Amino acid sequence: MAFDSTYRPEEVERLWRERWEALGAFHAPDTASEPHFSVVIPPPNVTGVLHIGHALNSTLQDILVRWRRMQGRSVLWVPGTDHAGIATQNVVEKQLAAQGTDRHAIGREEFVRRVWQWKEESGGKILNQLQRLGCSCDWERERFTLDEGLSRAVREVFVALHAEGLIYRAERITNWCPRCHTALSDLEVENESTPGHLFHIRYPLAQGEGGIVVATTRPETILGDTAVAVHPEDERYRDLVGKELLLPVGPARRIPVVADSAVDPAFGTGALKITPAHDANDHETGQRHGLAAPKIMDESGRLTGDVGRYAGMERFAARKEILADLEERGLLVRREEYVVPLGHCYRCHCVVEPALSPQWFVSVKTLAEPAMAAVREKRTRIVPENWERTYFEWMENIRDWCISRQIWWGHQIPAWYCRDCNGERVRETTTTAATPGAVTESTLRIAVDATPIVGQERPERCPVCGGGNLVRDPDVLDTWFSSALWPFSTLGWPERTPLLASYYPTSVLVTSFDILFFWVARMMMMGIKFMGDVPFKDVYIHALVRDAEGNKMSKSRGNVIDPLGMMERYGTDACRFTLTALAAQGRDIKLAEERIAGYRNFVTKLWNASRLVSMNLEGHGDPTQPQPPLAAIEDRWMLSRLDGLVAKVNRSFEEYLFNEAASALYQFTWHEFCDWYLEMVKPRLGATDASGEAARATAVFVLRRVLALLHPIMPFVTEEIADRLPGGGRPLAVSAYPAPDERWVDPGAEAEMALVIEIVSAVRNIRGEMNIKSSLPVDLVLENVPAAVAAMLFREAPIVKRLTNAREIRVNEPGDPGESATAALSCGVLRLPLLGVVDFTAELRRLDKDIAKVDADAAFIEKKLGREDFVAHAPAAVVAKDRRRLEELLEKRALLAASRERVAGIVGGQGPA
Ligand SMILES: [Zn+2]
Ligand SMILES: [Zn+2]
């Protein structure tokens, strides 16, 4: 098939996606032959839209998957999405708000139905986008964390862990989001330090004069204080321990001064107010001293309970009022400037409120131990290795995992309560809405000491009283609970399916470090616990994609690079190749659109070179396979170099050195194959003799292997070219991946061609610097060359002459070549006689003119960059582009100046540039 003059990615990509699908190229057999290769995709949120991080993550997975598939392994790549509890619930809540209603008004059942409806209509778009990216997932095996099979796995795990006492219910201080109305795990809280105040407040003694000054950042919690604690050895307070203080605001209440060695006497005033229901440390202190834990804030962060006139106030409004009241009473001693460490909800960015509530927990210590051992014993290898330390640090300090969420979208906890047996411990409460017109919220409150009946299905009757008055726990599980089971639940667990037997443990998990704990560590714990083996043999952790200056990409900065737009503009292969080429281990990726544009040129180069080869084949019949021994040095050299490349690329993929594979492929294809080999064999390609036959056979053979090698990185253009070349076979996606073949290894040919390339490059450099047209013939003089090299040169003289347009090559001949340009070679000295070749005066004039032009351009940009208003107000990308341009100009100037110096040196100096 003829080649079009330009490559059109959009058409080609669509066509190949369809062909692969029709071929069932990515469908894994139920039963694998060994060795198998399996990967589960990190399931993107069902609300997700492909961003550059997904594009990187998925490209790297696809490279490994395509490469292993081509190596002939049974390959399974499971795609799917995560139901993303809070994120998805928020999307539908926003829709409801736009319609003037909310989830409480329509009720739980209807709300969940609407979320499903949203999921069917608009969710999971990202999977189509991954297909567009070329991901070779087994699309017939798509899973969803809330589908029937996975929900069953979730129930099974919950019930089993509960039976072992590893899931329990407890009242704990958790991070509460007053906006989302749910508890958050520590990992879902974003900590940010904000400038604020530390308020020094005097608590007067209940009897007598004096009192204690306490420092706090949250004065509204005074209303929940049940003690002030001091260190037992703190001289300042020793006499006060056991005495009573008055709350400085709110209803008149007396609280004791207690001694507790956990108090840090150096912090603040050394005296701590204790609010057991609203601070995790205070809760522990309260338990040590048997203090009450009154709640003074409701789910929405409004003050409630025994708080006097502050009842119903929003927490920050109450803070203001309380401070004003304290000031008026003279009890606000000091406002100290203070950087307050504040937790924010990762979903809505609301300030998180520590609050006491009954929650479900997984006791993780016993699960963490074997998960650490697996990494220590290298049953799971973390690549790059430095992440192991982070993994261990976190696992060693792991705390119990709060798995209940007070939302509706997710796996509802499989626990029921008997109303008859539990009495008041299970009751309905209603919260009157603060905003008029809004709905009154009715919530099922289940006290921490209520008795749950945990099971896969709703029990018919209460096992204690036999009654049927049962209610289900309203909470749902943390989204990460179901994703923790992903490597085995997607393969059919708890059924013992052939798929599970064949593909578990999976081969590698490709992920970024930010979900190492959310997800990777938990998959390790659950996999080992329920499958008796690690979920993956390798975990490859890739870098983050940042902008060209190394900043995080964000909407507010306006520096986001949208992969879909890039794929449209430059083609998917160019995007994939760029990400791969930049994916160096342990280094963040600095991405600029120009990089993608640059690699599009690589796609074009490959297309044009293939077109050239293809045109030269016309009228010669299908090329044969090259057979050793080959006569021509350039053929032997090319095949030997190719063999080195094959080994290098396979090794790089083996070791997750993606950028090294990409760089080797780029260098070989662009320079060695296109620039050198094709140029060297051009005269032979059309010849009808044996030499022509060998050149065509070699060119096509090398090109086909290069296409196969490149295929995992650039799947589309490689398929299209391979399909257009004569003698094509099966699509690359289902062809064999090249393996090294020692028949082609030829160090002698490599050494000889390295010499040719060195000399030709040196001559071309001189021609460039001295502005000598390639059509103008020159002589080459080589001096101080060892005898062995001289012999090589004698053999290769015809190629060197042709590629340099040299009339004559003189090696180690005595005599002065006269005025000449000189280059040092690894094997001697090259001289290029210039007399009669160069008009030195004209050359100096030209160089001076060029230098003046570059100087003017550089001065213009320098002036612009020197203007403060430009640097401050122009978009960062524009400023960065100017900076790069200036650098380029300065480099160019240095080159021109070097040329000038050289010419001036030959003619005896004509003043500096
Ligand atoms: Zn929130
Ligand atoms: Zn009962």
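From a predicted model like this one, the values you see are computed outputs, not experimental measurements. Each ligand, and each atom within it, is numbered from 1 in the order the structure gives.
- The residues Glu428 and Arg419 are annotated as salt-bridged, a charged nitrogen and a carboxylate oxygen being separated by less than 4.0 angstrom.
- A salt bridge between Glu120 and Lys125 is absent, with no side-chain N of the basic residue lying under 4.0 Å from a carboxylate O of the acidic one.
- Between Glu353 and Arg218, at least one side-chain N (NZ, or NE/NH1/NH2) sits under 4.0 Å from a carboxylate O, which counts as a salt bridge.
- One finds a salt bridge joining Arg309 and Glu321 here, because a Lys/Arg side-chain nitrogen approaches an Asp/Glu carboxylate oxygen to under 4.0 Å.
- Within the cation-pi definition used here (under 6.0 Å to the ring centroid, within 45° of the axis), Arg472 does not qualify as a partner of Tyr417.
- Of all protein N/O/S atoms, those under 2.8 Å from the Zn ion (ligand 2) are Cys418 SG, Cys421 SG, Cys462 SG, Cys465 SG, and waters are not counted.
- With hydrogens and angles left out, the side-chain atoms of His200 and Glu336 include a donor and acceptor closer than 3.5 Å.
- For His411 and His83, the gap between ring centers is short of 6.0 Å.
- For a distance threshold of 2.8 Å, the protein N, O or S atoms nearer than that to the Zn ion (ligand 1), listed by chain and number, are Cys177 SG, Cys180 SG, Cys345 SG, Cys348 SG.
- Comment: Arg315 does not engage Glu220 in a salt bridge, judged by the lack of any side-chain N to carboxylate O separation of less than 4.0 angstrom.
- In the model, Glu393 has no side-chain atom that pairs as donor or acceptor with a side-chain atom of Asn397 under 3.5 Å.
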